[in-house]
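See structure below.
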Protein chains: 2
Amino acid sequence: MHNASEMKSPSVSATAVTIELNAVLVALTANEPQVLTLEDGGLLPSGPFESEHPTLQSGLRAWVEQQTHHPLGYVEQLYTFADRNRAQENGRRIVSISYLGLTRERLSRGVRDPEWRNWYRYFPWEDWRAGPSPLIAKEILPRLRKWSDAAGDPALKRERRQRIDINFGDGKDHWNEELVLQRYELLYELGLVPEASSRAGSVSSPLPGMPMRHDHRRILATGIARLRAKIKYRPVVFELMPDTFTLLQLQRAIEALAGRTLHKQNFRRLIDQQGLVEETGALTSQSAGRPAKLYRFRREVMLERAVGGSKLPLSRPA
Amino acid sequence: MHNASEMKSPSVSATAVTIELNAVLVALTANEPQVLTLEDGGLLPSGPFESEHPTLQSGLRAWVEQQTHHPLGYVEQLYTFADRNRAQENGRRIVSISYLGLTRERLSRGVRDPEWRNWYRYFPWEDWRAGPSPLIAKEILPRLRKWSDAAGDPALKRERRQRIDINFGDGKDHWNEELVLQRYELLYELGLVPEASSRAGSVSSPLPGMPMRHDHRRILATGIARLRAKIKYRPVVFELMPDTFTLLQLQRAIEALAGRTLHKQNFRRLIDQQGLVEETGALTSQSAGRPAKLYRFRREVMLERAVGGSKLPLSRPA
DNA sequence: ACCTATATGCTCAATCGGAGTATTAATTAT
DNA sequence: ATAATTAATACTCCGATTGAGCATATAGGT
């Protein structure tokens with residue numbers, strides 16, 4: 001029984017840690033995905049969790065809103081980890097809890113430090129809107145192939161080749177836009193990003209793409225990956241859209257996040273099948289081309305659609 | 001600039017907290033989903049995070065394996081939260097980080113305290129393998145309807161009805177097996193589970209289904225929900241299966257986790273389309289019925305399949 | 001009057017997914 | 001032994017979904 005009680009609650013002597021909250025705050029400006037950064041783009045906003053906050057999320061909201069003077073919309077937890085490479089002055093371990101936040105407005109516009117940056121500056125190879133990223137074929141794949149060819153064991157070589165294939169495809173097609181994190185981790189492992197420089201081999205001329213301090217670029221990758229996955233089964237894009245918008249604007253928004261172009265007609269078919277939006281009655285006036293209808297998000301569907309498509313071949317209720 | 005530096009790292013005076021790791025350990029025995037519990041089923045195994053562990057996951061593995069004397073297979077993080085209702089003797093806040101773990105063997109069999117329990121003892125309404133759970137129509141829906149009918153505002157009433165519908169359907173069909181957590185939370189909100197008794201209204205004769213202490217049943221719900229979602233797009237079931245198995249055994253395993261029955265023929269079609277398994281050449285001998293082929297999991301597919309199906313109507317690479 | 005840029009409507013074929021029928025091959029009960 | 005029972009497997013059908021395009025409509029600009 002003593003064992004059990006040891007398991008059930010931390011002993012008083014349990015290690016004390018400090019909680020750090022990190023935020024990947026996303027907005028869309030001019031059809032470009034933006035993320036809020038600090039210190040010349042080198043850090044994600046982060047702050048301590050103080051015990052007066054009732055929950056972690058409220059703690060996060062508190063300092064984000066205090067810093068940005070703007071309400072924060074949708075928030076979801078990303079991941080928690082204990083950074084083994086960081087400790088505090090007082091020796092306490094730091095545990096980082098990261099969040100993804102979506103917001104409609106550009107916050108603190110023009111201000112120098114909290115600054116919005118296009119997330120593709122950090123991950124240039126993730127933008128396929130103009131076709132397969134040339135960076136992959138020209139810079140990345142050659143180095144990855146060198147790595148897989150360097151494997152002695154044929155089995156290991158096959159494994160490495162497979163891993164490259166899954167993550168980066170053949171440079172042309174078979175691109176899975178959700179693997180943002182895995183791709184970053186592969187590049188990190190091979191020392192192809194500056195953040196990896198403290199480890200083993202030196203960085204052999206790092207790839208294009210801005211680094212961040214600590215593991216903030218990894219956290220950003222996690223956030224992008226999560227968002228790219230989520231837009232497929234939850235109407236979260238609307239958190240980033242203005243109240244009314246045209247279908248093309250909506251399409252461009254999703255394309256910006258996914259880093260891929262969509263088939264216009266099929267996209268429209270999908271949208272109205274899902275009943276996600278309704279016409280406002282108004283039309284766009286300015287700009288070239290035929291005026292488009294304006295739509296608004298049907299907030300009701302947040303309740304209607306439980307989604308969660310089953311890929312399981314269910315049987316009849318009998 | 002001072003603002004910025006405040007944001008980037010916790011001040012030395014930042015609140016100290018204690019980390020508690022919780023585990024939802026799952027195994028399958030005789031086609032029933034089992035979860036490891038302590039103290040007569042009232043707690044999930046949990047232990048403190050000590051700073052000598054390089055990562056959170058290794059900390060988790062360490063004490064789980066020390067307690068159960070068995071290696072732990074697949075592990076994934078579930079959620080992190082700061083329980084507002086709990087504080088430690090020394091006043092430190094407790095932050096709980098929960099994990100889902102899958103294991104092939106029944107650990108410490110027959111031992112009294114770490115004990116495996118069928119998870120449907122905690123969530124009887126989640127088992128639809130024998131058809132729509134009668135518990136829902138007889139016990140749950142009547143009480144939920146009382147709640148929705150009690151709403152004065154018609155808009156509120158509609159909202160409540162919708163919420164009931166999404167989560168529990170009409171008692172017959174439209175069941176979404178992934179909403180384990182949302183359903184539990186709804187029941188909790190309405191005070192229909194014993195754990196909610198400390199709050200507002202007293203519990204009006206709680207529903208069937210064993211409670212747990214603290215918020216462990218909520219954590220369990222999170223784990224089940226995650227696993228039910230994951231088996232649809234990742235080959236995690238195999239972490240719970242023996243080395244070789246028949247297709248029916250595999251089907252029963254998935255049915256146990258999902259709480260629903262599958263269409264046998266279509267299930268088989270799906271499995272071999274995906275190329276997840278290969279024949280061993282052997283057949284089953286004992287037991288009634290025509291002998292079945294034995295299969296094994298093709299570990300290679302872990303690499304092959306990046307899966308992540310897109311529901312986006314992509315356009316051609318142009 | 002054209003040209004260009006969008007918005008929208010519709011079609012067509014391939015594939016997928018849900019449901020069921022039919023047949024084969026073992027074990028168990030009578 | 002023979003029939004009943006339990007599984008395993010093979011196929012078929014058909015409606016819904018999805019990927020790709022063609023065609024037409026409606027604006028502003030030159």
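Chain identifiers are assigned alphabetically (A, B, ...) following the order of the sequence lines, protein sequences preceding nucleic acid strands; residue numbering begins at 1 within each chain.
Donor-acceptor pairing under 3.5 Å is lacking for the side chains of A/Tyr184 and A/Gln182. Side-chain atoms of A/Glu32 and A/Asn118 form a donor-acceptor pair, as typed in the model, at a separation below 3.5 Å. Of the N and O atoms on the side chains of B/Thr261 and A/Ser315, at least one donor lies less than 3.5 Å from an acceptor on the other residue.
Here the P atom of nucleotide C/dA7 and the CD atom of A/Glu279 are 14 Å apart, to the nearest Å. Nucleotide D/dT18 holds its P atom 7 Å from the CD atom of A/Gln273, rounded to whole Å. A straight line from CG of A/Leu312 to P of C/dA19 spans 13 Å, rounded to a whole angstrom. The distance between atom CZ of B/Arg252 and atom C1' of D/dA7, rounded to the nearest whole Å, is 10 Å. Between A/Leu250 atom CG and C/dT6 atom C1' there is a gap of 16 Å when expressed in whole angstrom units. Rounded to an integer number of Å, the gap from CD1 of B/Ile271 to C1' of C/dG17 is 15 Å. In this structure, the NE2 atom of B/His263 is 12 Å from the C1' atom of D/dC13, given to the nearest Å. The distance between atom CG of B/Leu248 and atom C1' of C/dA26, rounded to the nearest whole Å, is 15 Å.
At a threshold of 4.0 angstrom between heavy atoms, the contacts of A/Leu270 with the nucleic acid are absent.
When all heavy atoms of A/Pro142 and A/Ala137 are compared, the closest pair comes out as CD-O, 3.3 Å.
Partners of B/Gln251 under the side-chain contact (heavy atoms from CB on, under 4.5 Å) rule, at least two apart in sequence or in another chain, are B/Leu248, B/Glu255, B/Leu262, B/Lys264, B/Phe267.
For the pair A/Arg183 and A/Trp175, the distance from NZ or CZ to the six-membered ring centre is under 6.0 Å and the angle to the ring normal is within 45 degrees.
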- Query: In the 5'-to-3' direction, what one-character label does each nucleotide of nucleotides 8-15 of chain C receive under the scheme B = base within less than 4.0 Å of a protein heavy atom, S = sugar-phosphate only, - = no such atom?
  - Reply: BBB-----
